[in-house]
2 protein chains.
Amino acid sequence: MAPLLRPTYAVIAKTAGVSEATVSRVLNGDESVHPDRAQRVRDAVEELGYKKNRVASALASGRTGLIAVVIDDDLSVFSDPFWGTVTSGVSRVLQENGLHTVLMVAPVGALDGGVAHYLKSGEVDGAIFFVLHSDILVNHLKKQGLPLVITGTPHSNADIPFVDTDNFGGAYSATKHLMSQGCKKVAIITGDIGTTAAKQRLDGYLQAHRESGTLPSKSLICEGDYSFESGKAHAQKLLETHPDLDGVFASNDLMAMGAITVFENAGKSVPGQIRVVGFDDALIAQTSRPSLTTVRQDVVALGEAAGSLMIAQLNGQDFEPIILPTELVIRESA
Amino acid sequence: MAPLLRPTYAVIAKTAGVSEATVSRVLNGDESVHPDRAQRVRDAVEELGYKKNRVASALASGRTGLIAVVIDDDLSVFSDPFWGTVTSGVSRVLQENGLHTVLMVAPVGALDGGVAHYLKSGEVDGAIFFVLHSDILVNHLKKQGLPLVITGTPHSNADIPFVDTDNFGGAYSATKHLMSQGCKKVAIITGDIGTTAAKQRLDGYLQAHRESGTLPSKSLICEGDYSFESGKAHAQKLLETHPDLDGVFASNDLMAMGAITVFENAGKSVPGQIRVVGFDDALIAQTSRPSLTTVRQDVVALGEAAGSLMIAQLNGQDFEPIILPTELVIRESA
DNA sequence: CTGAAAGCGCTTACAG
DNA sequence: CTGAAAGCGCTTACAG
């Protein structure tokens, strides 16, 4: 853009009658400047409508004020509102703290990919990842000292700050709920088991069984991939192998919907003969018929937590992983 | 991050045996450099794993390599996958052209809001907006020479480059389809009529009626707001005022679903007694029962088109508004 | 508490 | 076709 003539430190300094160094101090919150002079600077800034040039500031200070949000192309960014929602939560928190969000939707390959290069090139002050199938890149970046936050639980134990939903607890309570409704034979359709979330939800399902003293047979544990189609396929198979099936916990709402579709087409009523619980509380959980009983996770809060964790790191504050609670939302399907 | 010692022009210049100016020329694609020397520079870059410092580059050149994607907080960024999907399309195209996407989710207020300041401060080379209720800010920025692209059709005629789906054509063909299926009385549930998309879809609906020589009564035109609830509310009202209603075109899939829910609860079968067509081809269109006949728009392509239009502008190339075609997807509901 | 000065790593007229 | 030099607008030791 044809840059309007914006004032610089030089003119602020002149009208305030101080040096540029002092202007810089005031604008960066250095407490040591004499209050009177600081006020003069602020007045000049106000009067001239001055806005700091962040690029120049970045070059001089080494801090860009930019945080990358990295989304793997592989993820179903398209069609799944999850990622967009998390990202908007992140963005809002960062913005409140004077930082901006650089969105990178790209294949997050190995250490020599474009994303890796960008992140290593010092053009961002930190990066927020969504949990990946591999922690290699993340561990590498961490070693280089780049502040990182992972949304989702990392695979390895490398102490990388992360935020996540209480997947285990949510799945546990969903399964418990099915049992409390009288279900004797509860299957699970897992998400992509390469993700930690899917594993944790499976663990919650198993824990509920363990506590009730009934271990589910292998064939009740179906490896899905979070897609509507996989929900349908596994429901079909379950119908054949377990005619007495009376409960299903699906690792997300979409698979739950797929399963319900199959059950009803096969003449099994939901929740009459088979109860179904999903996970997410996506829009479809409310709009479908029967409406879906599901485990709600607060996706915006997840993004905000990720942003906060990044801020804390940049400020050198202490921080712990953040695990957000879930809530079982009971509707018609179970 | 503790910046690793990255090479600078100084060391590239030295190992290639040329001046820094020459390094700059080669890296910026200046054709005038002698091929041999250019090659020496490229070799040095390769050998040293050099990556240009974009911040320094930005300060010196005035170009930041950053494009803002501005999303109004008001929009249902949360829960509606539309915005995230468009944005990922934008991001991909920009990335291929060496630009990065800065995501701003914030209240896009008047000329003195934070977003306005940021965009005016020269920290981005351009901005992509989603169509707003008002064009004021956009017109203002345009006057300042900031390259802009609008996703959606602008309200005013200010010649701002935009990309949009063929809302008129999509609605027209949806309505025609209902008529061709024998519907005699077709209502419309519009989107938020403050949006140009909602108006255009209404126009398409009206045009189809005009051509068939039957103008719909006022009470068949219901002002919705794109929400599931408004779909339900208007369907309820229609049921009371028009017992002989046999077709509904809803301006998005969510409202269509709301309407179907109400119709079926009232004992009206879809499509048996009332046919319903939606708009978007969102995920729910496929997963619902009955599955939804709808107007598909290619949301990723919309984002990519917006990105391309921005690139064209930055390169000083000619460009025209881009209107993407829609496709009527026939499923069970009509 | 404050200022002069060097510097961040590129880009770009300008002169040749 | 090429290089020396000034400059982009901040930040930050350093010296006082």
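Fair warning: this is a prediction, and the values are worked out from it, not measured in the lab. Per chain, numbering begins at 1; letters A, B, ... match sequence-line order.
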Is there any protein nitrogen or oxygen under 3.5 Å from a nitrogen or oxygen in nucleotides 5-9 of chain C, and what are the pairs?
unit_1, atom_1, unit_2, atom_2, d
C:dC8, O2, A:Ala60, N, 3.4
C:dG9, N2, B:Ala56, O, 3.4

Open item on the list: Please enumerate all residues that pass salt bridge (Lys or Arg N to Asp or Glu O under 4.0 Å) together with B:Glu20, with sequence neighbours excluded.
Closed with: none
- [ ] Nearest whole angstrom, please: distance from the P of C:dC10 to the NZ of B:Lys51.
- [x] 12 Å
Counting only pairs under 3.5 Å, give me each side-chain donor-acceptor contact of residues 99-108 of chain A, with atom names and distances, residues two or more places apart or in other chains.
none

Open item on the list: B:Ala38: which residues meet the side-chain contact (heavy atoms from CB on, under 4.5 Å) condition with it, sequence neighbours left out?
Closed with: B:Val26, B:Val33, B:Arg42
Task: A:Lys142: side-chain contact (heavy atoms from CB on, under 4.5 Å) partners, not counting sequence neighbours - done: A:Leu148, A:Asp159, A:Ile160
Open item on the list: Does D:dG3 have OP1 or OP2 under 4.0 Å away from a side-chain N or O of B:Thr22?
Closed with: yes
Task: Gap in Å between the two P atoms, one belonging to C:dC14 and one to C:dC10, rounded - done: 24 Å
TODO: List for me each residue that meets side-chain contact (heavy atoms from CB on, under 4.5 Å) alongside A:Leu48, sequence neighbours excluded, and say none if there are none.
DONE: A:Pro7, A:Val11, A:Ile12, A:Thr15
Task: Set of side-chain hydrogen bond (donor to acceptor under 3.5 Å, both in side chains) partners for B:Thr196, sequence neighbours left out - done: none
Task: side-chain hydrogen bond (donor to acceptor under 3.5 Å, both in side chains) contacts in which one or both residues fall within residues 51-63 of chain B, not counting sequence neighbours - done: A:Glu123-B:Arg54, B:Asn28-B:Lys52
TODO: Scan residues 297-313 of chain B for pairs that pass side-chain hydrogen bond (donor to acceptor under 3.5 Å, both in side chains), counting only residues two or more places apart or in two chains.
DONE: B:Arg92-B:Glu304, B:Thr165-B:Gln297, B:Asp280-B:Gln297
Task: Atom pair CG/CG of B:Asn97 and B:Leu314 - distance to nearest 0.5 Å - done: 9.0 Å
Task: Dot-bracket pairing map - DNA chain D, Watson-Crick plus G-U, both contacts under 3.5 Å, | cross-strand - done: |||.||||||||.|||
- [ ] Please report the C-alpha distance between B:Trp83 and B:Thr151 in whole Å, then the side-chain angles of each, then the deciding distance to 0.1 Å, and finally whether the side chain to side chain contact (heavy atoms under 4.5 Å, CB included) criterion is met.
- [x] CA-CA 10 Å; B:Trp83 314 108; B:Thr151 300; 5.9 Å; no
TODO: Give a yes/no answer on whether the side chain of B:Arg63 brings an N or O atom under 4.0 Å of OP1 or OP2 in C:dT12.
DONE: yes
Task: Residue-phosphate contact under 4.0 Å: A:Ser24 side-chain N/O, D:dT11 OP1/OP2 - done: yes
Task: Of residues 25-43 of chain B, the positions that come close to DNA chain C - non-hydrogen atoms, cut-off under 4.0 Å - done: B:Arg25, B:Asn28
Open item on the list: Checking A:Asn315 now: which residues fulfil side-chain contact (heavy atoms from CB on, under 4.5 Å) with it, not counting sequence neighbours?
Closed with: A:Ile311, A:Gln317
